[in-house]
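Sharing a structure below in C-alpha cells format, with a few things to ask.
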Amino acid sequence: MSDSLHTVEVSGAAPYAIHIGPGLLKDGALLAAPLRGRHALIVSDANVAPLYLHRVEAALRAEKPQLRIGRHVIGAGEAEKTLGNFGTVIEALAELGATRDATVIALGGGVIGDMAGFAAACWMRGIDCVQLPTTLLAMVDSSVGGKTAVDIPQGKNLVGAFHPPRAVIADTSALRTLPPRELRAGLAEVIKYGAIIDADFLNWLDANADGLLAGDDVLLARAIARSCAHKAAITQRDPFERGERALLNFGHTFGHAIEAEQGYGDGLNHGEAVAVGMVLAARLSAALGMASREDAEALRTLLLRYGLPVDVPAGLSPEALVARMRLDKKAQASGLRFVLWESAGRARVVADVDEAKVLDVLHEA
Ligand code: NAD
Ligand code: GLY
C-alpha cells in the first residue's frame, strides 16, 4: 500500500469500506463497484459541482455506460441544509425514476453528505448512498457512521435518520481546492479524536501541525485514516448512539448551540464551532473537578496552533446558548448532558450537568 492509499473496513449489520487516497474520483471501477441498480443521482453543491461533478460522471459513464445518471446541485453552505432542499433531492429522485436499487451519490462536504444521505434514507424507505466527501471534515467524520440529517430553525440536525453508506470514497486530491479555513475546520474534528480517545494521536498532531496545515498529502491521508479507524471502531460497536458513540460529540453541545444561535449564516462553521465547544467542554470539566485546568489550557493552545477559534463569538448570550442546549439531541428530559474530558485521550458522558456551572463557564468565556 502506498503512503497515501488507505482502506478502513467498517463491520456490523451493514458493512462498508472507506477508501482514502489521491485521484479516487477518477477511478471508474472503484466508483461503480458499490452501485447495484440502473439509476444514480449525484447530489452536489454549487462550489463542488464545477470542480468535480463532471469527473465523477465521466468515470462512471466509462465504467457503466448503461447507468442512468441524474445530477442535482444545491447552493453551498450550512444554510442550505434545509427541509426545503431535502425535498428537492427527493423530487430529483422521482424525476430520474429511481427504483429501489438506485444509489444517491453525495459529492461534497458534510452538508451535502448529511442531506443527500437523508434523502437516500427516505426514498422508497431507504436506498443506497455512496459518500464522496470533498472536505476534510466530511472525510474524517460526517461521511462515516450513517448519521444523516437536515437543520430546522429550532436546531441543528433535528430531522434525520441513521442510514449507513454503502461505500465511502475519499479522494484526498480534492483537498487541494479546499479553502484553508475549511481545512482547519476539518482538523478540529481530527483533534477531537485525539482528545477523546487517542493521546498518542494528539501528540502526533502537535508534532505535525505545520505539515498538516500546509496540506502535506501523506500526513493528511494518515490523519484521515487514523480518524476513520476510530470512527469506524466506535460506530460499528454502537451504530445508534446508545452508548460510547456519544463521545464523538465532544465539544458539540456548546458547538451546536453556537451554530444554531448564529442562525447558520456567516458566523463560525461547524468545525470552528466544535473547536470553541471543545475548549468550553474542557473548561467545564475542570470547573466540575474532572480535568485539570492545565490540560484544558493545553487543548486550547493546540487548537490555537491550528488557527482555530477558541472563544465564543461576540454578541451571543450565555442564557440563549443554554436555552439552545436544552433542545439539543444530546439533552435528555432530566437535564443537560455533556461529553466531558478527563485528560488527553479520555472523555466520558455526564448527565444532569448543573446549568449554573455551564452558565459560569460561558460567562467567563
Ligand atoms: P460544507 O459541506 O458546507 O463544506 C464547506 C465548504 O467547502 C462549502 O462551501 C463547500 O461548497 C466547500 N467545498 C467542499 N469541498 C470542497 C473542495 N474540495 N474544494 C473547494 N470547496 C469545497 O461543510 P463541512 O464542514 O464539510 O460539513 C459540515 C456539516 O457536516 C455540518 O452540517 C455538520 O452538522 C455535518 N456533520 C455531520 C456529521 C455526521 O456524522 N453526519 C459529523 C460532523 C459534521
Ligand atoms: N459526529 C458524531 C457522530 O457521528 O456520532
Side-chain angles (χ1 to χ4, degrees), residues 25 43-53 55 73-82 85 106-118 121 129 131-151 155-158 160-165 168 170-190 192-193 196 215 227-228 230-232 234-235 237-253 255-256 259-260 264 266 268-275 277 328-330 339 349:
L25 291 182
V43 182
S44 193
D45 78 23
N47 292 336
V48 176
L51 295 168
Y52 301 111
L53 199 149
R55 158 180 327 191
V73 178
I74 62 154
E78 187 71 34
E80 303 286 342
K81 204 174 109 176
T82 59
N85 275 331
L107 174 67
V111 165
I112 289 297
D114 278 12
M115 186 168 48
F118 184 39
C129 180
Q131 294 277 350
L132 306 183
T134 61
T135 63
L136 180 61
L137 186 139
M139 292 180 191
V140 300
D141 193 354
S142 59
S143 64
V144 178
K147 278 189 183 175
T148 72
V150 293
D151 305 330
K156 255 185 81 76
N157 298 333
L158 287 181
F162 285 100
H163 190 62
V168 179
D171 182 344
T172 49
S173 315
L175 298 176
R176 294 197 192 124
T177 57
L178 193 66
R181 179 180 174 196
E182 300 298 341
L183 187 79
R184 293 194 295 271
L187 287 164
E189 295 278 13
V190 173
K192 176 191 78 180
Y193 291 107
I196 60 169
S227 301
C228 285
H230 283 308
K231 180 132 190 197
I234 289 179
T235 56
R237 288 193 295 263
D238 180 20
F240 302 114
E241 199 169 308
R242 300 206 167 103
E244 66 172 317
R245 182 169 183 166
L247 296 178
L248 296 172
N249 296 324
F250 181 52
H252 285 56
T253 304
H256 281 176
E259 282 186 88
Y264 314 117
D266 295 328
L268 299 186
N269 63 29
H270 178 71
E272 291 168 340
V274 167
D328 193 274
K329 295 188 297 320
K330 289 169 283 302
V339 181
V349 178

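Just follow the structure's listing: the first ligand is 1, and inside any ligand the first atom is 1.
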task = Measure V144 to ligand 2 on non-hydrogen atoms and call it side chain, backbone, both or neither using the 4.0 Å cut-off.
result =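 Answer for V144: neither.
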
inquiry  = Main chain of V140, side chain of K231: is a donor-acceptor contact present, judged purely on distance under 3.5 Å?
reply    =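 Pair absent, no side-chain N/O of K231 close to backbone of V140.
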
task = Return yes or no for this condition: an N or O of A174 is under 3.5 Å from an N or O of ligand 1.
result =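 Yes; at least one N/O pair falls below 3.5 Å.
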
task = Determine, using heavy atoms of P133 and all atoms of ligand 1, whether some pair is separated by less than 4.0 Å.
result =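 Outside the 4.0 Å threshold, so no.
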
message = Tell me which one of D151, N269, D114 satisfies side-chain contact (heavy atoms from CB on, under 4.5 Å) with E78.
response =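 Among D151, N269, D114, the one that satisfies the side-chain contact (heavy atoms from CB on, under 4.5 Å) with E78 is D151.
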
message = If we set the cut-off at 4.0 Å for heavy atoms, which region of L175 has an atom near ligand 1: side chain, backbone, both, or neither?
response =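 It is neither part, as no heavy atom is under 4.0 Å.
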
ask   = So is there a nitrogen or oxygen of K81 less than 3.5 Å from a nitrogen or oxygen in ligand 1?
value =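 Checking ligand 1 against K81, an N or O pair does fall under 3.5 Å apart.
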
inquiry  = Which of the numbered atoms in ligand 1 are under 4.0 angstrom from any heavy atom belonging to K156?
reply    =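 Near K156, the atoms of ligand 1 are 31 (C), 32 (O), 33 (C), 34 (O).
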
inquiry  = Heavy-atom pairs closer than 4.0 Å: do any link ligand 1 to the side chain of D151, the backbone, both, or neither?
reply    =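 No part of D151 is near ligand 1 at this cut-off.
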
message = Side chain or backbone, does G110 bring an N or O within less than 3.5 Å of an N or O on ligand 1?
response =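 Yes, at least one N or O pair falls under 3.5 Å.
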
message = For N157, run the side-chain contact (heavy atoms from CB on, under 4.5 Å) check against K147, E259, H256 and tell me which one passes.
response =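 That would be H256.
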
query = Between K147 and ligand 1, is there a nitrogen or oxygen pair with a distance under 3.5 Å?
reply =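 Yes; the residue has a nitrogen or oxygen that sits under 3.5 Å from a nitrogen or oxygen of the ligand.
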
task = Going by heavy-atom distance to atom 32 (O) of ligand 1, choose the closest among H270, K192, E78.
result =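 Nearest option to atom 32 (O) of ligand 1, by heavy atoms: E78.
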
query = Between D45 and ligand 1, which part of the residue brings a heavy atom under 4.0 Å of the ligand: side chain, backbone, both or neither?
reply =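 The part of D45 near ligand 1 is the side chain, not the backbone.
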
task = Give the residue and atom name of whichever protein heavy atom lies nearest to atom 2 (C) of ligand 2, and the separation in Å to one decimal.
result =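 Result for atom 2 (C) of ligand 2: N249 OD1, 3.6 Å.
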
Proximity to ligand 1 by part of A185, non-hydrogen separation under 4.0 Å =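 Neither part.
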
inquiry  = When you measure from the heavy atoms of K231 to every atom of ligand 1, does any distance fall below 4.0 Å?
reply    =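 Heavy atoms of K231 do come under 4.0 Å of ligand 1.
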
message = Tell me whether D114 has any N or O atom under 3.5 angstrom from an N or O of ligand 1.
response =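 Among all N and O atoms of D114, at least one is under 3.5 Å from an N or O of ligand 1.
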
task = Measure from atom 15 (N) of ligand 1 to every heavy atom in V111, N249, T134 and give the option owning the shortest one.
result =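 It is T134 that holds the nearest heavy atom.
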
ask   = Do ligand 2 and K192 have nitrogen or oxygen atoms that lie under 3.5 Å from each other?
value =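 So ligand 2 has no N or O lying under 3.5 Å from an N or O of K192.
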
request  = Just let me know how D141 lines up against ligand 2, side chain, backbone, both or neither, with a heavy-atom cut-off below 4.0 Å.
outcome  =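 Contact part for D141 vs ligand 2: side chain (C-beta onward).
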
message = Pairs of nitrogen or oxygen atoms closer than 3.5 Å, one from L137 and one from ligand 1: do any exist?
response =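 For ligand 1, there is no N or O atom that lies under 3.5 Å from one belonging to L137.
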
Atom 14 (C) of ligand 1: nearest protein contact (heavy atom, Å) =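 Nearest protein contact, heavy atoms only, for atom 14 (C) of ligand 1 is T135 CG2, 3.2 Å.
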
query = Contact between K231 and ligand 2, counting heavy atoms under 4.0 Å?
reply =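 Per 4.0 Å heavy-atom rule, K231 contacts ligand 2.
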
